[in-house]
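Everything on this sheet refers to the single structure shown next.
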Amino acid sequence: MIRFHNTLSGREEEFLPLVPGEVRVYTCGPTVYNVPHIGNFRAYVFEDLLLRFLRFSGYKTIQVMNLTDVDDKTIRDARTAGLSLREYTAPFIESFFAGLKTLRIHPADHYPRATEHIPDMVRIIKGLLDKGVAYRKEGSIYFDISKFPSYGRLSGIDVEALRTTSRIGARLETDEYEKESARDFALWKAPKEGEPFWETEIGPGRPGWHIECSAMSAAFLGPTFDIHCGGVDNIFPHHENEIAQSEAYFEKPFVRYWLHCHHLIVDGEKMSKSKGNVYSLDDLVETRRVDPSVLRMFLISTHYRKVLNFTFEALDQAAAALKRITDFVYELEHRAFPDAGSGLAGPLIAEADAEFRDGLGDDLNVSSALTALYDLIRKANSLIREEKIGADEARALRSFVSQVDDVLAVLPERREEEVSAAVREKIEARELARKAKNWAEADRLRRELLEAGIVLEDTKDGIRWKIAPRKESS
RNA sequence: GGCGCGGUACCCAAGUGGCAAGGGAGAGGUCUGCAAAACCUCGAUUCGCCGGUUCGAAUCCGGCCCGCGCCUCCA
């Protein structure tokens with residue numbers, strides 16, 4: 001059984017898709033006015049884990065991720081740069097997709113752009129006007145939240161309090177607003193001098209932020225779909241407003257399960273430009289040479305509904321944890337196993353498999369799932385040591401780890417295990433020195449190789465070497 | 001002020017009524033020329049604090065303290 005914590009109910013619920021065997025998922029994507037940071041990627045990695053697990057569990061998945069390529073900031077910055085929206089956003093979109101690849105995030109089925117779905121949005125806005133739940137004011141169109149009784153259900157916000165209160169108890173004079181209520185939100189914004197706008201049947205202008213998700217999710221997934229994900233900051237107002245628009249227009253339930261991931265903080269503090277602690281993927285992977293697998297391991301290993309604290313020490317710990325898995329795989333692939341095994345590997349795998357599935361099925365409890373894997377590794381290593389794992393069993397274990405990694409996707413890409421002739425010669429020279437019991441020379445060469453990222457292991461079956469994981473440098 | 005998340009060993013982190021998972025780091029040991037890898041052993045009489053319920057609580061209830069997030073078109 002799969003259970004997810006649904007923000008709508010505030011508790012865990014059994015997950016059953018609308019159409020048996022098929023899951024439709026909408027994941028809030030990037031606003032492409034800037035290079036995405038690792039906090040953004042935490043959300044995408046979480047969503048990737050979710051989708052991978054659903055497929056691992058036998059579901060067919062359809063995933064849509066939007067690209068918000070028109071909003072206030074995008075317009076503002078494009079204007080400053082003297083570029084069109086399309087020109088301005090192109091490099092950020094590219095950076096976003098490059099990041100997905102780096103972190104081995106499986107591509108969504110569709111990446112619709114807001115600017116390419118204006119007609120879909122206009123249709124909904126027009127419908128909302130016709131139904132009387134939206135109104136025009138000075139060229140803009142607003143959604144009237146008083147016409148949507150369940151407004152506030154997702155976020156648990158009291159609409160009455162919202163109407164008169166901003167933060168810290170400060171009262172707002174609602175009369176001063178153009179909108180009829182302080183918290184009515186814009187569906188369509190009147191054109192402003194020098195800003196891009198679209199000529200449409202509801203008049204010239206550009207879309208409000210929330211409407212794109214209502215329009216594009218319906219276009220690809222239908223008016224009702226299974227899962228909608230995003231960061232916790234989107235619960236209010238973004239997702240609350242999406243529900244209002246979609247349900248008021250389609251008169252059908254919008255999303256069945258809302259899954260929100262918490263934020264990533266850095267050194268215990270919120271990422272912010274003023275603190276200078278905002279990291280992009282390139283800052284870590286290119287500049288500091290952090291292994292992308294290690295970064296993914298780090299991002300994945302804290303439960304998605306908890307705040308994740310990014311520190312370089314935590315990254316080192318993730319690297320150590322990952323190494324435990326990669327060393328196990330290395331052992332399975334490079335050791336000479338006896339022909340006959342003990343028959344103990346099968347039950348071990350079955351047990352780990354069940355625990356792994358149960359763990360992730362429990363609202364993506366990665367800790368439990370990883371424990372299943374580590375338990376298997378410890379027990380299997382123990383059997384390997386006792387020569388109780390046969391060649392077939394080693395293959396079965398390797399295959400199980402691969403299956404698990406279809407979900408986690410943390411094992412490094414298979415590196416070409418080729419090194420330069422110079423390194424190869426050095427390894428041989430070190431072997432000769434060792435055979436001659438010239439320990440000083442052998443150790444010196446080993447140290448040199450280690451600095452070049454080559455780890456040597458002397459086993460009773462002979463020398464073997466592996467490429468050390470990349471270690472970040474600051 | 002409202003809504004929400006969290007406080008479990010040196011670090012990370014599961015567990016949500018019945019003897020406190022797992023990973024890392026650390027200590028000791030086996031193996032090894034030495035390492036590396038691996039395995040074994042050790043490690044919280046205790047789960048932010050104080051009360052309460054219970055045969056029994058990290059887990060339920062009440063109160064308090066601390067950290068953090070959102071309530072600004074920030075995932």
Side-chain angles (χ1 to χ4, degrees), chain A residues 7 10 27-31 33-34 36-47 68 71-74 152 155-158 161-162 165-170 183 185-186 189 208-210 229-238 241 260-265 268-272 278 298 301-303 305-309 311 313-314 316-325 327-328 330-331 335 355 359 362 365-375 377-386 434 437-440 442-443 446-447 450 455-460 464-466 468:
Chain A
T7 308
T27 47
C28 271
T31 300
Y33 74 103
N34 209 339
H37 54 66
I38 52 170
N40 299 119
F41 282 112
R42 185 211 184 174
Y44 309 142
V45 166
F46 143 64
E47 287 153 1
T68 301
D71 85 313
D72 289 353
K73 285 186 201 165
T74 314
S155 52
I157 278 170
D158 178 347
L162 203 57
T165 312
S166 178
R167 61 204 319 200
I168 331 267
R183 289 300 173 162
F185 58 90
K189 296 186 173 187
W209 175 38
H210 318 292
C229 303
V232 285
D233 54 296
N234 280 154
I235 296 172
F236 188 87
H238 187 49
N241 292 348
H260 292 99
C261 81
H262 227 299
H263 280 186
L264 176 149
I265 58 177
E269 294 182 309
K270 181 185 163 119
M271 263 196 286
S272 70
V278 178
F298 165 73
S301 49
T302 291
H303 185 81
R305 279 192 297 110
K306 287 183 82 170
V307 173
L308 174 60
N309 188 20
T311 62
E313 192 197 344
D316 287 342
Q317 292 194 6
L322 181 57
K323 185 167 178 293
R324 178 122 175 103
I325 305 172
D327 278 341
F328 178 60
Y330 184 88
E331 192 71 11
R335 193 183 177 97
E355 276 178 31
D362 177 19
N365 188 333
V366 191
S367 295
S368 295
L370 285 175
T371 293
L373 181 58
Y374 290 125
D375 280 345
I377 290 174
R378 185 169 31 75
K379 288 173 185 164
N381 271 330
S382 195
L383 290 172
I384 288 171
R385 200 179 143 76
E386 295 164 27
R434 202 169 84 89
K437 298 198 190 295
N438 183 353
W439 307 128
D443 289 354
R446 183 169 63 191
R447 215 161 27 242
L450 185 62
V455 180
L456 297 187
E457 298 187 353
D458 303 318
T459 74
K460 63 177 165 50
R464 67 188 193 188
W465 55 270
K466 48 192 168 192

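The chains referred to below are lettered A, B, ... by the order of the sequence lines, with proteins before strands, and numbering in each begins at 1.
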Below 3.5 Å, does any donor atom in the side chain of [X] face an acceptor in the base of [N], or the other way round?
X        : N     : answer
A/Arg446 : B/C34 : yes
A/Glu313 : B/C11 : no
A/Asp443 : B/G33 : yes

Phosphate OP1/OP2 of B/A75 contacted by A/Asn40 side-chain N/O (<4.0 Å)
yes
Span that lies between the [atom1] atom of [M] and that of [N], in whole angstrom:
N     : M     : atom1 : value
B/C49 : B/G43 : C1'   : 26 Å
B/G62 : B/U53 : C1'   : 11 Å
B/A44 : B/A25 : C1'   : 16 Å
B/U8  : B/C47 : C1'   : 4 Å
B/C40 : B/G24 : P     : 12 Å
B/A35 : B/G26 : P     : 15 Å

Tell me every residue that passes ring-ring contact (aromatic ring centres under 6.0 Å, His included) with A/Tyr44, counting only those two or more places apart in sequence or in another chain.
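A/Tyr44 satisfies ring-ring contact (aromatic ring centres under 6.0 Å, His included) with A/Phe41, A/Phe96 only.
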Write down the distance between CG (A/Asp233) and C1' (B/G69), rounded to a whole number of angstrom.
9 Å
Output the rounded distance in Å from CG (A/Leu264) to P (B/C12).
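Distance check: A/Leu264 CG to B/C12 P gives 15 Å.
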Using a heavy-atom cut-off of 4.0 Å across all strands, would you classify A/Leu373 as base, sugar-phosphate, or nothing?
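Nothing: the residue A/Leu373, judged by heavy atoms under 4.0 Å, touches no strand.
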Select base, sugar-phosphate, or nothing to describe what A/Leu450 touches, counting heavy atoms under 4.0 Å on all strands.
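The residue A/Leu450 makes no contact with any strand.
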Just compare [options] and give me whichever is closest to any side-chain atom of [X].
X        : options             : answer
A/Tyr44  : B/A75, B/A38, B/A36 : B/A75
A/Lys323 : B/G24, B/A37, B/C70 : B/A37
A/Thr31  : B/A75, B/G23, B/G69 : B/A75
A/Glu457 : B/C39, B/A37, B/G24 : B/A37
A/Asp458 : B/A38, B/A35, B/A75 : B/A35
A/Arg434 : B/G24, B/G69, B/G33 : B/G33
A/His263 : B/U30, B/A75, B/A37 : B/A75

Salt bridge present between A/Arg464 and A/Glu331 (N-O < 4.0 angstrom)
yes
Exercise: identify the closest heavy-atom pair between A/Gly39 and A/Leu264
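Smallest heavy-atom distance, with atoms named: CA-CB, 4.0 Å.
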Looking at every heavy atom in both A/Thr302 and A/Val307, which two are closest together, and how far apart are they?
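Reported closest heavy-atom pair: CG2-O, 4.1 Å.
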Is a side-chain donor-acceptor pair under 3.5 Å present for A/Asp71 with A/Thr74?
yes
Any donor-acceptor N or O pair under 3.5 Å, side chains A/His263, A/Asp233
yes
Verify, without hydrogens or angle tests, whether A/Ser382 (side chain) and A/Arg378 (backbone) share a donor-acceptor contact under 3.5 angstrom.
no
Classify the angle between the aromatic ring planes of A/Trp209 and A/His238 as parallel (below 30°), tilted (30 to 60°) or perpendicular (above 60°).
parallel
Could you go through nucleotides 13-17 of chain B and list every protein N or O atom that sits under 3.5 Å from one of its N or O atoms, giving the distance for each pair?
unit_1, atom_1, unit_2, atom_2, d
B/A13, O2', A/Ser367, OG, 3.0
B/A14, OP2, A/Lys306, NZ, 2.8
B/A14, O5', A/Ser367, OG, 3.4
B/A14, O3', A/Asn365, ND2, 2.9
B/A14, O2', A/Ser368, OG, 3.2
B/G15, OP1, A/Asn365, ND2, 2.8

According to a 3.5 Å limit on both distances, what stems of 3 or more consecutive Watson-Crick or G-U pairs are formed with RNA chain B?
B:1-7 with B:65-71, B:10-12 with B:22-24, B:26-30 with B:38-42, B:48-52 with B:60-64
